[in-house]
Amino acid sequence: MFGKETISEEVKDITSSLFKKESELMEKPGFIKETSNLLKKASDGKPSDQIYETHPGMDTLCTQYATATSSSEKNQIQKIPSEICYLKGIQKLNISSNQFMYFPVELCQLQSLKELNISQKNGRKLSRLPQELSKMTQLKGLDISNNAIRELPRNIGEMRSLVSLHAYNNQIRYLPPSILSLKQLQKLNLSGNNLTALPTGIHNLFSLKDINFDDNPLLRPPMEICKGKQLYTIACYLQRAEERDEKILEKILKIVANNITETNFQYLCQKLHLVISEIDIPTKSTLSLSEKAQRALDKWKMENSNLSTAALRDHLTRVLTMIGAYEIMDKITALQLFASTIKF
């Protein structure tokens, strides 16, 4: 096994010898054999049957496979050179168990890549993924397992070719809404994370066949619902939960409207960024305070329809606490405690 200094020199050799422009590479005899040997040295010197393969009869270089991993020990590769973008035809890349300080954003330039493995079981753990990952629109398989990633990119839904996503043994706390756009997704493994809730619209991922949410502190749905790994069961539970939450939110809005004071109503509109005009309330002078409040809250709900019912409820209760509407909060708390005792 090479030391860090030796490995660093080997990576420089890769930078200078492996990632040259295609026109220069194609003129060099024995390119495939030489680059294969360089990759072997940069990892652990052991042979690989998936180093490089080219399509015969093509006029330009089209590398299909590349691995820089070790089967038994950690590698020391810390950086991917920007010249990797010249590998126009690379389709599969395995760089698991290495020493990257950050996710190599240079990989996002590989438009032809279909499979990427950057699992770090025996390497340095990555804590985040770049938004540029969404540029890899041809990617079908992504393995980011065994890292310390806290969240998926908010635009992950743009990776519309994704069929398989392995993200187990991370620290992911929630799933971004855009993940529901991955209509081709068939395999999703998010076991061993910090998920407390799954998105209500998960039933929209109708291609999903293989799911795993084990070892998460799930509350919505509870873990016993997910153990069977049946998407239909999970989706049904979430749909019923959303319907119940919608009814609870409507009751909360009525509690607020019927109990708020004039002063707190003005504060509430400010905190919710609501502007109540005469168009909203044509008979402003004749409406009671509770009627004005109900109209204002209905408008706020409509303007924030992109948020989940739970998010709307949480935001409203935070604002009520901020403005000191403690009597209203007591009534809302009592309602929520009662609702939590009802099984469904």
Side-chain angles (χ1 to χ4, degrees), residues 127-129 142 144-145 147-159 162 165-183 185-253 300-301 304-321 332-333 335-344:
S127 61
R128 64 179 297 273
L129 298 173
L142 176 60
I144 53 172
S145 56
N147 278 287
I149 296 167
R150 296 183 179 87
E151 59 185 34
L152 297 174
R154 64 177 182 274
N155 57 355
I156 193 173
E158 296 175 20
M159 302 175 70
L162 210 58
L165 175 58
H166 293 284
Y168 55 88
N169 293 341
N170 275 285
Q171 298 173 15
I172 299 170
R173 297 166 296 177
Y174 67 94
L175 299 179
S178 72
I179 199 171
L180 301 178
S181 298
L182 300 177
K183 304 300 185 184
L185 196 64
Q186 297 181 21
K187 296 182 179 180
L188 178 61
N189 190 336
L190 284 161
S191 60
N193 277 282
N194 294 328
L195 293 172
T196 57
L198 299 179
T200 302
I202 197 170
H203 63 274
N204 292 321
L205 300 178
F206 47 79
S207 295
L208 267 183
K209 300 175 182 177
D210 186 355
I211 56 176
N212 191 342
F213 300 115
D214 290 350
D215 300 320
N216 278 281
L218 279 168
L219 300 173
R220 182 190 176 92
M223 197 61 243
E224 56 265 26
I225 298 295
C226 298
K227 283 184 178 179
K229 298 180 173 59
Q230 296 296 316
L231 183 61
Y232 177 78
T233 303
I234 294 172
C236 286
Y237 181 96
L238 290 173
Q239 184 176 2
R240 292 199 304 272
E242 182 68 16
E243 291 171 354
R244 187 179 78 155
D245 285 352
E246 179 66 27
K247 292 178 180 178
I248 292 174
L249 179 60
E250 290 298 325
K251 290 183 179 180
I252 289 174
L253 297 184
W300 166 76
K301 179 184 173 185
N304 294 275
S305 58
N306 60 312
L307 299 178
S308 68
T309 304
L312 287 171
R313 181 196 62 219
D314 293 345
H315 181 53
L316 179 60
T317 53
R318 283 196 301 270
V319 169
L320 290 169
T321 302
I332 292 174
T333 301
L335 171 65
Q336 291 177 328
L337 287 173
F338 174 75
S340 66
T341 63
I342 302 174
K343 301 294 182 180
F344 68 102

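Reckoned from all heavy atoms, side chains included, excluding hydrogens, waters and symmetry mates.
- Remark: R173 pairs with E151 by the salt bridge (charged side-chain N to carboxylate O under 4.0 Å, His left out) rule, at least two apart or across chains.
- In this structure, L208 CG and K187 NZ are separated by 12.0 Å, a value rounded to the nearest 0.5 Å.
- Summarising the geometry, atom CZ belonging to F213 is positioned 7.5 Å from atom CG belonging to L195; distances are rounded to the nearest 0.5 Å.
- When all heavy atoms are compared, the tightest approach of L205 to L182 is CD2-O, 3.3 Å.
- In terms of heavy-atom proximity, T317 sits nearest to T321 at O-OG1, 2.9 Å.
- Closest heavy-atom contact between N216 and L190: ND2-O, 2.9 Å.
- By the side chain to side chain contact (heavy atoms under 4.5 Å, CB included) test, S178 pairs with I156, P176, sequence neighbours left out.
- Taking CG of L218 as the start and CD of E224 as the end, the distance is 10.0 Å to the nearest 0.5 Å.
- Applying the side chain to side chain donor-acceptor pair (under 3.5 Å) test to every pair with at least one member in residues 204-213, sequence neighbours left out, gives no pairs at all.
- Residues passing the side chain to side chain contact (heavy atoms under 4.5 Å, CB included) test with D314 are R318, sequence neighbours excluded.
- In this structure, CG on L129 lies 8.0 Å from CG on N170, to the nearest 0.5 angstrom.
- Between L231 and F206, the closest side-chain pair of non-hydrogen atoms is not below 4.5 Å.
- Between I248 and A339, the shortest heavy-atom distance links the atoms CD1-CB, 3.5 Å.
- At least one donor-acceptor pair closer than 3.5 Å links the side chain of N193 to the backbone N or O of A167.
- Remark: the backbone N or O of A310 is not paired with any side-chain donor or acceptor of D245 at under 3.5 angstrom.
- Pairing each heavy atom of L175 with each of P199, the nearest pair is CD1-CD, 3.8 Å.
- In this view, D214 and K229 satisfy the salt bridge (charged side-chain N to carboxylate O under 4.0 Å, His left out) rule, not counting sequence neighbours.
- At a threshold of 4.5 Å between non-hydrogen side-chain atoms, the residues T233 and C236 do not count as touching.
- Looking at H203 and L238, their side chains never come closer than 4.5 Å, going by heavy atoms from C-beta outward.
- Shown here for C226 and I234, the closest heavy-atom pair between the two residues is SG-CD1, 4.0 Å.
- The OH atom of Y237 sits 14.0 Å away from atom CD1 of I202, with the distance rounded to the nearest 0.5 Å.
- Dense packing is recorded around CZ of R220, with more than 12 heavy atoms of other residues, nucleotides or ligands lying under 6.0 Å away.
- Atom CD of Q239 has 12 or fewer heavy atoms from other residues, nucleotides or ligands within 6.0 Å.
- In this structure, the side chain to side chain contact (heavy atoms under 4.5 Å, CB included) partners of L249, at least two apart in sequence or on a different chain, are L253, K301, T309, L312, R313.
- Atom NZ of K183 has more than 12 neighbouring heavy atoms from other residues, nucleotides or ligands inside a 6.0 Å radius.
- Residues I144 and L152 form a side-chain contact, since some pair of their non-hydrogen atoms from C-beta on lies under 4.5 Å apart.
- For T333, the side chain to side chain contact (heavy atoms under 4.5 Å, CB included) partners two or more places apart in sequence, or in a different chain, are M329, L337.
- Partners of N189 under the side chain to side chain donor-acceptor pair (under 3.5 Å) rule, at least two apart in sequence or in another chain, are S191.
- Taken from CH2 in W300 to CG in L307, the straight-line distance is 8.0 Å, to the nearest 0.5 Å.
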